[in-house]
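What follows is a single structure, written as structure tokens, with notes after it.
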Amino acid sequence: MTAARPATARLPRAERVRKRPDFVRAQTSPDARLRAQSFLLLLVATDPAAPARLGVVASKKVGGAVERNRAKRLLREAFRRNKALFGAGVDVVVIAYPELAAQSLGGVLAELEALAGRIRQKTAELARRAARRHAGPAAS
RNA sequence: GCAGGCGAACAGGCGAUCGCUGGCGCGGGGUCCUCGGACCCCGCGCGGGAGGAAAGUCCGAGCUCCGCAGGGCAUGGUGCCGGGUAACGCCCGGUGAGGGUGACCUCGAGGACAGUGCAACAGAAAGCAAACCGCCGGUCGGCGCGGCCCUCGGGUCUCGCCUCCCCGGUAAGGGUGAAAAGGUGGAGUAAGAGCCCACCGCGACCACGGCAACGCGGUCGGCAUGGCAAACCCCACCCGGAGCAAGGCCACAUAGGGAGGCGUUCGCGCCCGCUUCGGCGAGCGCGUGAAGGGUUGCCCGCCCGAGCCUCCGGGUAGGCUGCUCGAGGCGCGCGGCGACGCGCGCCCUAGAGGAAUGACCGCCGCCGGAGCGAGGGCGACCGCGCUCCGGCACAGAACUCGGCUUACGGUCUCCUGCGACC
RNA sequence: CGGGGCGUAGCGCAGCCUGGUUAGCGCAUCAGACUGGGGGUCUGAGGGUCGGUGGUUCGAAUCCACUCGCCCCGA
């Protein structure tokens, strides 16, 4: 498995949420929900062996195509620089709010930093639960 | 210098670092395998990676499918003329009308003697003629001057003035309106009127110029063709429908699920089985007929046709392809007033798919503000240099082109008007 | 990609097709009356760039073109 490579500040296809059902699962039944000033973080547990994946949602409420692209790029950049924060086995779906279009990268990083403690706590909890679940019926 | 018009090109630049993506090359791993290879994943390297509007989706096409793509009607669209183009509702050049002192700009600009309709309020009257006030004439009546007669009361005649009603003439004037059947001037008359005349306008005809729209000139007609077709409509021309979630290939999955409805004709030939030798049944072919379906609004025609239609329920919404070389760009030459066409040469210029083309830092550039410094001017102030701060538009490809429309930043060529100076 | 609808007073709507007289209705607002006061009822009043810009017309909320914003449906 190539996921054994040390985590770098890259964001290849395998580390992005790319299927509609995955987005729907995160939005309808998230395992954790964390609110920042200009975005909303949704966490949902997946296969513990898989790397953390990012998915960004920027609706028309954010603005036109330029603003929505800007919002998604900012969030991807912030996630890319803080991948270690989320560990593995989790889908991170971020919903952008309209204020995000006017935000700078420094501001987004600061907002993410403010949530860092709670993110670490939640992801660790999810990892423990997943480990227990896989230890039992994994023999089948 | 200020104000404005037409057009053109551009869309901040350079460097460093960290990323994304498709192409090529090398290396590693995996799947399939006809052992040649194909496909997928990962890493490294190289070079590519938004627009003039990528936008709105208002038109026109290419492309793909709809079994074939025929005729008519309806609907819809276009609407001065000629040209350009693959095509257009676009563009170019003209014509006409309108706007601007001008450079220039704007225009849905066919038809109102084919028909139907509309015009509030006001006004006499709103479409075919008519006449409210007014003006003029007349009858009757009244008053007056004069003449004649006379029974001195008056009667009668001519003329003048006044006048309700009535009869007739008139459409110049008044008034209403967006609009009242040509306009101005004269002549004329009882008053008036294209009744007549001149000019203008309008219409018809003729001649000339122009491919044409139309222009120009002449002659004639006294002038009974009002407005609205972005009201219905008429005329001419155009138009089959859907859209890359089109369409193709592969993989996976459910299982021929339930309910209701309409149908499954007839003849001939061949052949098989049974036969009480009369026939009966099954199959194939040809013809015919039929529920229903296709022809994407309707009809005709054509085609499919033993199954079809409706509702409920269930499953899949993964990969590859279409996907970027095209009515393609750029340059030069030739033809054309121009849109554009022709020829030659050069170039390959994004192809994503929860959706890339980015983030951040430094330097430079442009604009605005503040401060400091030296300078010019009596002065308000002016330009120069440095430092700091802020800003640098509108906006993001989703099959691809040609247009239109809208959004938006500064720059420049040429041109116009006004002002000042030489 | 394709199709449809809406925008009129603070709020919810009519009027638009078939152009015309003062753009109408309900709630809300304000004033007055009834009541000792509140509520409620009655009477009266105010409040409109008809989303925007052009055009057609004598005249436009209404017709036409462009445009802005919002909503819905189908694949």
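Quantities reported herein were computed from a predicted structural model and do not represent experimental measurements. In what follows, chains are A, B, ... by sequence order, proteins preceding strands, each numbered from 1.
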Taking only side-chain N and O atoms of A:R16, does any of them lie within less than 4.0 angstrom of OP1 or OP2 on B:A355? yes
**Prompt:** B:C232 and B:A114: how far apart are their C1' atoms, nearest whole angstrom?
**Reply:** 14 Å
**Report entry** Main-chain N/O of A:L74 paired to A:E77 side chain as donor or acceptor, under 3.5 Å
**Finding:** no
Scanning all shown strands, the Watson-Crick or wobble mate of B:G96 with both distances under 3.5 Å is B:C107
Using a heavy-atom cut-off of 4.0 Å across all strands, would you classify A:R18 as base, sugar-phosphate, or nothing? sugar-phosphate
Exercise. What interatomic distance, in whole Å, is found between C1' of B:U416 and the corresponding atom of B:G102?
Worked result: 6 Å
Is it the case that the side chain of A:R16 and the backbone of A:L11 share a donor-acceptor pair, with hydrogens and angles ignored and the cut-off at 3.5 Å? yes
Regarding B:G60, purine or pyrimidine glycosidic angle vs 90° from 0 gives anti
Between A:K72 and A:N69, whichever has its closest RNA chain B nucleotide further toward 5' is A:K72
Syn within 90° of 0, anti beyond: C:U67 is anti
Worksheet item: Can you find a pair of side-chain heavy atoms, one from A:V92 and one from A:L42, that are under 4.5 Å apart?
Response: no
With syn defined as a glycosidic angle within 90 degrees of 0 and anti as anything else, the base of B:G36 is syn
With syn defined as a glycosidic angle within 90 degrees of 0 and anti as anything else, the base of B:U275 is anti
Original post:
Checking all strands, does A:R68 fall into the base, sugar-phosphate, or nothing category for heavy-atom contacts under 4.0 angstrom?
Top reply: nothing
For B:C90, the nucleotide meeting Watson-Crick or G-U wobble distances (both under 3.5 Å) is B:G84
(message) Using modelled atom types and a 3.5 Å cut-off, is there a donor and acceptor pairing between side-chain atoms of A:R68 and backbone atoms of A:A58?
(response) yes
Comparing A:A14 with A:F23, nearest RNA chain B nucleotide closer to 5' gives the residue A:A14
Paired to C:G37 by Watson-Crick or G-U wobble criteria (both distances under 3.5 Å) is none
The glycosidic conformation of B:A50, counting syn as within 90° of 0 and anti otherwise, is syn
- Can a side chain N or O of A:R80 be found less than 4.0 Å away from OP1 or OP2 on B:G358? no
